[in-house]
Undergrad: 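This is the structure I want to talk about, given as structure tokens.
Since the structure is predicted, the reported quantities are computational estimates derived from the model, not experimental observations. The analysis underlying the following values was restricted to heavy atoms, covering all of them including side chains, and did not include hydrogens, waters or symmetry mates. Remember, it's 1-based here, ligands and their atoms both numbered in the order they're listed.
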Amino acid sequence: MSESKNLFLTNYNLSGLELPNRVIMAPMTRSRAGDGNVPTEMNAKYYKQRASAGLIISEGTQISPQGVGYPWTPGIHSNGQVEGWKKVTKAVHEADGRIFAQLWHVGRISHPVFHDGDLPVAPSAVKPEGEAFTASGMKEFVTPRALETEEIPGVIEDYANAAENAIAAGFDGVEIHGANGYLIDQFIQDSTNKRTDRYGGSVKNRARFALEVTEAVAEAIGAEKTGIRLSPSGEFNDMHDSNPKQTFGYLIEQLNQFDLAYLHLVEPLTDVSDMKNYADNVAVHFRNVYDGTLITCGNYDRESGIRALENDHADLVAYATLYLANPDLPERFAANAGLNEPDRETFYGGDEKGYLDYPFMEETEEVA
Ligand code: PHB
């Protein structure tokens, strides 16, 4: 291995959880849960294969039936789902890994087919452009129903209950999914939040839902076991904010009060005009605002990931599709070995193909 000490391979104390390296597996929807959205033995094998990650963050897992918006995605609100997740966490821990559950409510990124014909809920009745992915094909999004103010405490409670379920299922902690245009992000950004109650209007009001969810989850399971993911530049899922620097600057500054396990920032998933708001990338911009552990995610390769750590842009670097395709990514980075290519055709749904069959390093011939 080379001169550069390869900061990837140094350990990191994540609020008391010792991570052996700084290569994080990003949350990725794979749409392979079993009946009842229950995780299976196959899912357990997939995560176990990736247990050498500094930390695994699970795919988005629904906090309630209301939070569902994709077929075959796992939940964490029923007993069966908790039992299913126990298989996953046991497999990961037996392989000396660490895993957080990502808590997900999709809000308007859903369709009545997931809700017995009822409308999906959102902060406001604003229809997203695009189509929902359903078991019977793509269907145009609908205009969601705006949550009543009185319903909001119940949704926050669903997050807290899901967090307790995650700990009962053996997870080391949870990540609140506040990114990528799902429910929490829909509250934060002003293109999707047109509310006139205390959850809408000012930046402070739009940040309130995210902060109340964070407080409830941290109270339920401990702030040291609670992380949150945000995407302050994303236009994915038809999102926009008129002043993301101000909106997310306020929210991130407020998050300091909780002393969370981490803040996880996503660079844009798509090419976006909103990046003009930031001089460099999102992590660099908010590094000075957030006091705690920062994870950065977004199309890093080995070299740019090492650079992000060397330049102190973040403490940990998360990889998505490279992790999907390389179960032993930290070992490959250590050896500067060749990488398997992710196969898009098998990202969502299906069986073991493109899920359990990506080869480990010793099985591949070439090492650079
Ligand atoms: C997706 O399935 O495309 C997806 C799910 C959750 C995300 C982002 C993308 O946060």
Undergrad: When Ile, Leu, Val, Met, Phe, Trp and Tyr are grouped by side-chain heavy atoms lying under 4.5 Å apart, directly or through other members, which residues fall in the same group as F114?
TA: V68, V113

Undergrad: Can F133 be said to touch ligand 1, with heavy atoms closer than 4.0 Å?
TA: no

Undergrad: Give the atom numbers and elements of ligand 1 that come within less than 4.0 Å of a heavy atom of H177.
TA: 7 (C), 10 (O)

Undergrad: Number the atoms of ligand 1 from 1 as they appear, then name those within less than 4.0 Å of a heavy atom of F236, with their elements.
TA: 3 (O), 8 (C), 9 (C)

Undergrad: For the residue pair Y319 and F8, categorise the inter-ring angle as parallel (less than 30°), tilted (30 to 60°) or perpendicular (more than 60°).
TA: perpendicular

Undergrad: Taking the side chain as C-beta and beyond, is there a heavy-atom pair between V203 and N243 under 4.5 Å?
TA: no

Undergrad: Crowded around E140 CD? As in, over 12 foreign heavy atoms under 6.0 Å?
TA: no

Undergrad: Other hydrophobic cluster members with Y12, side-chain heavy atoms of Ile/Leu/Val/Met/Phe/Trp/Tyr under 4.5 Å, chained?
TA: L14, L17, L19, I24, L55, I57, F100, Y262, I295, L316

Undergrad: N180 versus ligand 1: do any nitrogen or oxygen atoms come within less than 3.5 Å of each other?
TA: yes

Undergrad: Between ligand 1 and M28, can you find any atom pair, the residue atom being a heavy atom, that is separated by under 4.0 Å?
TA: no

Undergrad: Decide whether an N or O pair under 3.5 Å exists between Y348 and ligand 1.
TA: yes

